[in-house]
Structures are given as C-alpha cells and as structure tokens.
Amino acid sequence: MNIKPSLFLLVILGMLIFSTCTDKDQASVQENEFIERVRPVEQSGTSAAYFLYENELMNPDTLLSITSNVSDLVQVHETYKTDDGMMGMRERKTVVVEAGEVVTFEQGGLHVMLINVEKSLAEGDSVQLEMVWARAGKVQKKLPVQP
Ligand SMILES: [Cu+2]
C-alpha cells in the first residue's frame with residue numbers, strides 16, 4: 001500500500017539531487033577558465049556558441065553577419081535584466097569591437113544562438129561558424145560541441 005507514495009518521493013528526491021548537481025556543475029564551468037564551445041542539443045533545438053574574437057586591426061570593426069553549418073538561423077543575443085529583476089535575452093543587431101579589443105561571446109553575456117539546428121549536436125561533434133566583419137572580412141571559427 002505504501003510502495004507507490006514512497007517510490008514517488010524517491011523520484012522527487014532523485015530529481016532534486018540531480019538538479020542540484022547540475023546547477024553546481026554549471027557554476028563550476030562558469031568559475032573555471034573560459035572554454036570555447038557549442039552546447040549539445042537535440043535536433044530542431046536551440047544551442048549557443050561561446051567563443052572569443054579579437055580585433056587585431058588598427059580600427060574598430062563591426063560584425064555584419066554570422067552563419068553556421070548546423071542552422072540557417074543564427075542570432076547574436078545579449079543577456080539583460082528585466083524591469084522586475086529577471087534575466088532575459090534579446091537579439092543584438094550591432095556588435096562593434098574596438099581596435100585591439102576582444103569580444104567575448106559567453107553564457108550570461110553576449111552569445112550566439114544557433115536556432116532550430118538541422119541535426120542533434122553531441123560531445124565530439126564540431127560546428128563551423130563564419131563571421132563577416134566590415135574590415136576583417138570573413139573569419140571562420142570551428143568550435144567543439146561540449147556541455
Ligand atoms: Cu540567447
């Protein structure tokens with residue numbers, strides 16, 4: 001008679017432990033060194049790309065476009081705080097990098113979204129990005145898929 005409720009509690013407990021561990025793992029990734037990567041995702045899902053880009057030119061440069069071999073829809077997003085204190089994200093239409101500066105696409109900041117990916121992306125796969133900058137021109141970036 002009591003088996004079902006206790007099983008149910010075990011499942012809930014398991015889920016709580018699992019989500020706590022996952023949160024810790026994510027926190028430690030953020031604290032540790034920055035890893036250039038694309039997040040794993042199922043087919044048709046949305047993933048994010050995290051990487052650095054250094055403007056090695058003597059002038060500011062503007063990102064004109066960014067495309068990928070895994071998704072037809074790629075957007076640069078920025079993370080921001082909503083009026084009620086929640087974290088949201090929205091598309092950033094213009095990215096400018098000053099001369100000699102590095103722009104960081106990262107979790108919780110500016111990031112690149114790969115929307116509606118054509119196939120699932122798992123650890124061991126890699127993703128090709130192509131940026132077009134106003135001055136630097138085409139810049140290709142190959143990123144590993146990693147959580
Ligand atoms: Cu986003």
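Numbering of ligands and ligand atoms starts at 1, following listing order. Every value quoted in this text rests on a predicted model; they were computed, and no experiment measured them. When reading the values below, keep in mind they use all heavy atoms of this one structure, side chains included, and skip hydrogens, waters and symmetry mates.
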Atom name in H77, limited to N/O/S, at shortest distance from the Cu ion (ligand 1): ND1
Polar side-chain atom of D61 near backbone of V97 as donor-acceptor pair, under 3.5 Å: no
Cation over ring face, R90 and Y80, 6.0 Å, 45°: yes
Distance-only side-chain donor-acceptor flag, Q146 / E123, under 3.5 Å: no
Same cluster (ILVMFWY, side-chain, under 4.5 Å), V127 and Y50: no
Backbone or side-chain N/O/S of M113 under 2.8 Å of the Cu ion (ligand 1): yes
The Cu ion (ligand 1) to nearest N/O/S of M89 less than 2.8 Å: yes
